[in-house]
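Below you'll find the structure, written out as structure tokens, and then a few comments.
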Amino acid sequence: MNPSRLKPAPGEIGAEQVSVLLPLPLPGPYDYRLPEGVAARRGLLVEAPLGARTQLGVVWGVGDAKIAAHKLKTAVPLGSRACLPVALCDFVDWVAHYTLSPQGSVLALALRARGAFEADAPRLAYRRAPVTPARPTDKRQRVLEVMADGLARSVAAIAEEANVTPAIVRALVAAGALVPEALPEFAPLPLPQPDYAAPHLRGEQSRAADDLRQAVGAGTFSVSLLDGVTGSGKTETYFEAVAEALRLGRQVLILLPEIALSVQFLERFAARFGTPPAEWHSDLGQKQRKHVYRAVLTGDARVVVGARSALFLPFQDLGLIIVDEEHEQAYKQEEGVIYHARDMAVVRGRISSAAVVLVSATPSLESYVNAKSGRYRWLRLVARHGLARLPQIDLIDLRQHRPERGHWMSPVLLEALRTTLAEKEQALLFLNRRGYAPLTLCAQCGHKLTCHQCSAWLVEHRYHHRLVCHHCGQDMPMPSACPHCGAAESLIACGPGVERLAEEFVQHFPGAHMAIASSDTMHGPAELQSAISAMSRGEIEVLIGTQMIAKGHHFPNLTLVGVIDADLGSADGDIRVRERTFQLLHQVSGRAGRASKPGRVLVQTHSPDDGVLRAVAAADRDVFYDQERQLRQRTHAPPFGRLAALILSGPDGDAVRAIGKRLAQDAPAARGVRIWGPTPAFYQILRGRTRERLLVQAERSVDVQAYLRQWLAPFKLPASVRLVIDIDPVSFF
Ligand code: ADP
Ligand code: ZN
């Protein structure tokens with residue numbers, strides 16, 4: 001296939017053999033013929049016969065000349081002759097090549113809107129006719145009065161407004177007093193106004209905004225890192241880049257890590273631009289998806305705010321991509337096509353000649369290194385907006401300041417909470433563990449309750465009286481006796497989760513209003529959103545939550561942040577643990593003191609001498625980053641070397657291990673490439689499948705994809721073993 005031979009100009013190629021990519025996990029495109037007189041062009045959407053049915057597909061390139069045309073089936077363009085933009089097709093190819101995924105699986109990501117290409121389903125509406133019926137009844141007269149304004153309405157809307165039955169309306173239609181008219185299926189999206197409510201930017205903000213406007217105005221690919229402390233006005237600043245793209249008539253994509261939490265963001269956008277943006281994420285209904293997808297394709301949707309999958313929308317003229325909180329791990333898609341949305345956003349920007357802006361207070365080490373080396377423009381905001389100052393951060397040594405037995409808050413933290421509540425200010429308690437307790441064990445026999453299908457502890461959720469596996473989601477009622485030795489009433493909860501912390505809080509402060517905010521399916525996104533809104537409105541004083549509340553939120557009256565356990569989280573061989581701990585603690589600290597009142601952060605730990613924690617407390621970000629950069633450089637870790645993980649899994653542990661060994665033996669020797677493993681994965685068993693990992697570590701100059709292709713191509717996997725390739729892995733479980 002050679003896409004460059006396919007000229008996008010219609011009529012160039014005529015009815016000819018084309019390769020058509022189907023959104024299915026097949027090895028590549030299939031050849032078809034186009035009907036006489038149809039101009040082949042890359043991106044043209046077709047109905048392609050496949051076995052007994054037809055399948056939506058996309059003309060991808062010229063077909064294989066060696067196949068006789070009459071042997072091919074005919075792919076028929078959709079009635080609308082709709083086309084995916086060539087830039088999107090190129091992007092699909094790029095992602096497939098980079099992630100070693102089937103092209104069709106990546107294309108499927110770009111076609112996730114059922115019915116988007118079907119003919120419009122117009123809404124039938126009625127307007128008043130010029131003629132008036134003689135002597136109408138009272139009810140008919142009411143209808144005519146409602147319709148006197150000349151606007152078109154549906155029968156149901158007319159009936160409701162005139163307070164008559166639909167039959168009365170239809171009788172007027174039959175009499176010719178109301179005439180039908182077809183309205184488009186969807187009302188047009190309102191246009192965001194670049195100058196609706198522009199803020200007054202202060203010095204460094206305004207310089208950064210100028211740079212960003214200039215990058216957008218250049219109309220070429222560029223990457224900027226907008227690197228500003230929490231509360232410095234990064235959002236206000238990048239909104240100026242959005243405004244510039246709007247003025248130039250180009251489309252904008254704003255990627256956010258947790259779209260479920262974006263109500264505040266949408267309101268903020270509307271306050272700045274006069275109308276909310278289009279949204280794209282997994283919670284959208286089918287009709288909304290169809291609407292947004294189409295509006296992006298026609299160019300009507302000018303600004304889309306979305307989760308990572310929005311990268312695959314059919315933008316016609318993308319001028320700007322913002323990746324907010326670019327360091328977030330949520331940008332990594334870990335299932336199906338495994339890709340990192342931040343990295344792919346940069347690729348998308350290059351293909352579309354768009355400006356890309358990465359935004360963070362704690363950039364990923366990759367972006368930091370790129371900014372420092374001058375590959376990215378580096379725009380820094382070092383001061384908080386207005387009177388706000390960065391908070392005072394103190395490490396609390398839990399060995400000295402012990403909490404009561406079975407409790408988790410130290411006397412120092414309790415005292416600070418007391419003061420905060422007395423001052424009528426708000427506090428946030430951060431604990432990155434969902435549920436009540438992360439481990440339940442039997443006091444008689446020591447048995448730990450684990451999931452049947454996963455090598456993971458079951459987490460107690462006391463509110464629902466259940467034990468839940470956080471990996472496969474399986475749950476069961478809390479047993480009354482130990483399932484191992486049968487001892488009654490012997491099960492004890494070990495360690496804290498947010499529910500248990502909330503219980504402890506209530507014991508100490510029975511009168512205070514608090515809420516739990518965690519990503520838990522047990523509580524649900526609506527409950528989470530309402531907890532956050534209640535905090536914004538000051539209806540609660542204390543928010544207890546997991547990392548869901550660490551980022552983005554702006555609570556002006558929040559002056560105290562308590563980090564319950566800073567020692568959480570360390571997985572063997574995970575090169576990013578230090579970076580992640582730093583980012584999370586820095587972000588959560590950044591929630592304190594964002595308005596005029598000063599903030600204080602108390603970080604509870606058993607190892608106050610730890611380098612990462614000392615850097616958090618000293619708020620000495622660049623010292624930390626530079627140390628981390630040197631460490632990675634010494635160990636040839638990303639971004640100074642490349643990593644790819646191979647994860648084998650299957651129901652038969654011996655088969656999985658045997659394949660792992662054979663893979664390692666067969667790995668071709670190559671300069672600058674090392675293979676580690678196979679070793680059992682951190683969670684050796686998940687959902688009943690045994691897991692083994694191999695890690696490929698390569699020097700930067702190595703084409704890892706080519707190496708993997710050469711290695712894996714001759715390899716035949718038994719049907720029972722699955723191989724997942726994770727390029728640039730960020731999680732190591
Ligand atoms: P960041 O994204 O860097 O954490 P935000 O953009 O959320 O910071 O800004 C923090 C707060 O300061 C917000 O309430 C924002 O509206 C306000 N703010 C920042 N810059 C300005 C400005 N130039 N004029 C008015 N308000 C501003
Ligand atoms: Zn499980």
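Both ligands and their constituent atoms are indexed starting at 1 by order of listing.
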Honestly, for E236 the part within reach of ligand 1 (heavy atoms, under 4.0 Å) is both
Pairs of nitrogen or oxygen atoms closer than 3.5 Å, one from [X] and one from ligand 1: do any exist?
| X | value |
| --- | --- |
| R202 | no |
| S232 | yes |
| G231 | yes |

Should one rank T235, L226, T230 by closest heavy-atom distance to atom 2 (O) of ligand 1, which comes out on top?
T235
Check: of H554, Q264, H385, min heavy-atom distance to atom 26 (N) of ligand 1 comes from H385
Taking salt bridge (charged side-chain N to carboxylate O under 4.0 Å, His left out) as the cut-off, I'd like each qualifying pair that reaches into residues 349-367, sequence neighbours left out, listed once.
E366-R576
So, Y238 versus D324: side-chain donor-acceptor pair below 3.5 Å or not?
yes
Centre of F640's six-membered ring, under 6.0 Å away, within 45 degrees of the axis: is that where NZ or CZ of R632 sits?
no
Taking only non-hydrogen atoms of R268, do any sit less than 4.0 angstrom from ligand 1?
yes
Sequence neighbours excluded, which residues qualify as salt bridge (charged side-chain N to carboxylate O under 4.0 Å, His left out) partners of R247?
D195, E244
Can we call the ring centroids of W378 and Y368 under 6.0 Å apart?
yes
Could you check, using the six-membered ring where one of them is a Trp, whether F239 and F273 have ring centers closer than 6.0 angstrom?
yes
Enumerate the atoms of ligand 1 whose separation from the nearest heavy atom of [X] is less than 4.0 angstrom.
| X | result |
| --- | --- |
| L201 | 23 (N) |
| V229 | 3 (O) |
| H200 | 22 (C), 23 (N), 24 (N) |

Of the options D317, L311, L318, which is the one that meets F315 in a side-chain contact (heavy atoms from CB on, under 4.5 Å)?
L318
